Structure formats: C-alpha cells, structure tokens
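First comes the structure, then the notes that go with it.
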Amino acid sequence: CSWNVLFFFLHPLWQSPLTIPGGTRQSPINIQWRDSVYDPFLKPLKISYDPTTCLHIWNNGYSFLVEFDDSTDKSIIVGGPLENQYRLKQFHFHWGAINDWGSEHTVDSKFYPAELHLVHWNAVDYPSFEDAVMEGNGLAVIGVFLKLGARHEGLQTLVDALPAVRHKDTVIEFDEFDPSCLIPSCPDYWTYAGSLTTPPLTESVTWIIKKKPIEVDEDQLEAFRTLLFTSDGEEERRMVDNFRPLQPLMNRTVRSSFQ
Ligand SMILES: COc1cccc(N2C=Cc3cc(S(N)(=O)=O)sc3S2(=O)=O)c1
Ligand SMILES: [Zn+2]
C-alpha cells in the first residue's frame, strides 16, 4: 500500500539509489565469489593500531561506535588497494534480530549474523575526516563478517561495556583496546569502490571485505541485541536489523586479493 512505499523511501536507512543523486557506487552489495576478479597487483593490507588511541564507546542511535584519537598517524592501515595510508577513526557493527541475517554485505547471497566496519580516512590528501567523507578516495572501510561459533575473547571486553551504552547518546570511556584482535589473520580480501551505508551515503569508500569471518558466540550476538535505538525515557526500541538493503552493482568489478 502507499504507506509502505512512503515509509520505504522516507526511512533514512532504506534510501534506494534513486534518492541519491547519480548514485552509481552505493553500498552494501552482494559479492558473487565467481564474478570477482583476482588482481595480482593488490598488495597485502598492513594494519598497525596503537591501543592507546582508543577513546570511548558511543551509542549513536544507529549502532555502537568505538572511536579513536585520529590526530596522529599512530593507528593506520596501508597497502592493499590503497594509494597511501589511512587513519583509524572508529569501528562499529551491524547485526540482525536473529542469526539468519544482520550483515550488510553478502557473499553468494549469504547473510552473516553481523558485520564489523573499521572506518579509516585519508589524512594525506585531506585536512579533516569531514572533508575526506566527501571525496571519492577519502575513506577506507575494512569489513569483517561475524559468524556463530566459539566465544571471541577479544570481543568480550567490548560486550562487557555495552550495558553502559544501552540508550542512544550514551558514551563511556574505553581505553587500551586493539581492534586488530577482531580482524582475521588470513590475508585474503575482496575490494570494490562503494559508499557509506548510512547517511550521508557519500560515495567515498574503498571497501576491503575480509574473506574469512571471525567467530563469536550466541551470548555475544545477544548482547548486541540488548542495545536500544531510543534514548532514556523514550519508548524502548531494540537496536536490531541496523543494516541497509543490498544496492545494485552497476558498472563495478569486485577484485580479490586471492585466487
Ligand atoms: C559527514 O561526516 C561525518 C561525520 C561523522 C560521521 C560520519 N559517518 C556517517 C555514516 C557512516 C557510515 C559508515 S559505514 N556503515 O558505511 O561503515 S562509516 C560512517 S561515518 O563516516 O562515520 C560522517
Ligand atoms: Zn557500517
């Protein structure tokens, strides 16, 4: 009915490319393994994070973000498909109400229960993060799939802090965390030119999607689902299904770093 259509186009998270002027590189996408093209010139991705740059955890009403001090080059990534180094700004997750879905990207149309995004910006070419967000090569986001399995000890320190940021616009100090413990050691990744998956949806992201997922257990996924989209005092709405629908590939090729 017309109300559903109206909701679809009005809800910020579910804008289709039709509402993004000239949207030709929107994210997320389905990664069809057999259509990805091995690129022998892709370098290994080098990750060096300094745990002392970790600042706080913040519930922004879309997800929970762990933010970093990005005033120096202490926490950076370099190599992979990137022309130069990019500074770590924040990481966050997307997840479902149940384990059958929750990731933003899919692999051969398969959803994972959750997906981690580590957001970096090009401080070599641009003076600020806000400037980089508006530029085609401004951001690099590492995507890591979460699958149901063994408890992830590194993630648990984060999970233990979540009750303190249950409501939107709550923040707690969080330090000495090295997010490289959340990234699989397997070097294999896919990469493609895309966008932010929440507003402002700018087409400024070089996506680096790790082939291998990390394992987390049911209690850890359930802890994500205890968070709220709503502020304290508002009618509670559980923070679940905070992923954007798949976007058309259009004229893009997904490259792989592996054969
Ligand atoms: C306008 O500059 C700003 C300022 C503050 C935050 C943002 N962001 C908005 C959405 C958004 C979505 C991301 S995802 N899911 O594709 O990894 S990363 C990200 S953000 O760059 O942190 C932009
Ligand atoms: Zn994200």
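These values consider heavy atoms only, across backbone and side chains, with no hydrogens, waters or symmetry-generated copies. Order of appearance sets the numbers: ligands from 1, and atoms from 1 within every ligand. These numbers were taken from a predicted model, which means no experiment stands behind them.
Looking only at heavy atoms of the protein, atom 22 (O) of ligand 1 is closest to Gln90 NE2, 3.0 Å. Nearest protein neighbour of atom 19 (C) of ligand 1, counting heavy atoms only, is Leu196 CD2, 3.7 Å. Looking from atom 16 (O) of ligand 1 to the surrounding protein, the closest heavy atom is Thr197 N, 2.9 Å. Scanning the protein heavy atoms around atom 1 (C) of ligand 1, the nearest turns out to be Val133 CG1, 3.9 Å.
Within the 4.0 Å heavy-atom cutoff, Phe129 counts among the residues contacting ligand 1. Heavy-atom separations between His94 and ligand 1 include at least one value shorter than 4.0 Å. Taking 4.0 Å as the cut-off, His92 counts as a neighbour of ligand 1 on heavy-atom distance. A heavy-atom separation below 4.0 Å is found between Pro199 and ligand 1.
Close approach of ligand 1 to Trp207 (heavy-atom distance below 4.0 Å) involves ligand atoms 16 (O), 17 (O). Numbered from 1 in the order shown, with element, the atoms of ligand 1 that lie under 4.0 Å from a heavy atom of Pro200 read 9 (C). Atom numbering of ligand 1 starts at 1 in the shown order; those under 4.0 Å from a heavy atom of Val119 are 17 (O), 18 (S).
In terms of modelled atom types and a separation under 3.5 Å, the side chain of Asp188 and the main chain of Phe258 share no donor-acceptor contact. A donor-acceptor distance shorter than 3.5 angstrom exists from the side chain of Arg225 to the backbone of Gly96, with no hydrogens or angles considered.
Residue-and-atom listing of protein N/O/S atoms under 2.8 Å from the Zn ion (ligand 2), sorted by chain and number: His92 NE2, His94 NE2, His117 ND1.
Between Trp58 and His92, the ring center distance fails the sub-6.0 Å criterion.
Phe64 meets the ring pair (Phe, Tyr, Trp, His ring centres under 6.0 Å) test with Phe93, Trp95, Phe224; sequence neighbours excluded.
At most 12 heavy atoms of other shown residues, nucleotides or ligands fall within 6.0 angstrom of atom CG in Asn251. The number of heavy atoms from other shown groups lying within 6.0 Å of CD (Glu83) does not exceed 12.
A distance of 10.0 Å separates CZ in Phe68 from OG1 in Thr52, rounded to the nearest 0.5 Å. Separation of atoms CH2 (Trp33) and OG (Ser109) is listed at 14.0 Å; rounding is to 0.5 Å.
Of the listed residues (Val254, Asp39, Thr206, Thr253), just one forms a side chain to side chain contact (heavy atoms under 4.5 Å, CB included) with Thr191, and that residue is Thr206. Among His105, Glu104, Met250, the single residue meeting the side chain to side chain contact (heavy atoms under 4.5 Å, CB included) criterion with Ile29 is His105.
Contact check on Asp70 versus Lys89 returns a salt bridge, with a Lys/Arg side-chain nitrogen under 4.0 Å from an Asp/Glu carboxylate oxygen. We find that Lys147 and Glu115 are not joined by a salt bridge, their nearest charged nitrogen and carboxylate oxygen being 4.0 Å or further apart.
The closest heavy-atom contact to atom 12 (C) of ligand 1, among the options Leu139, Ile142, Thr198, comes from Thr198.
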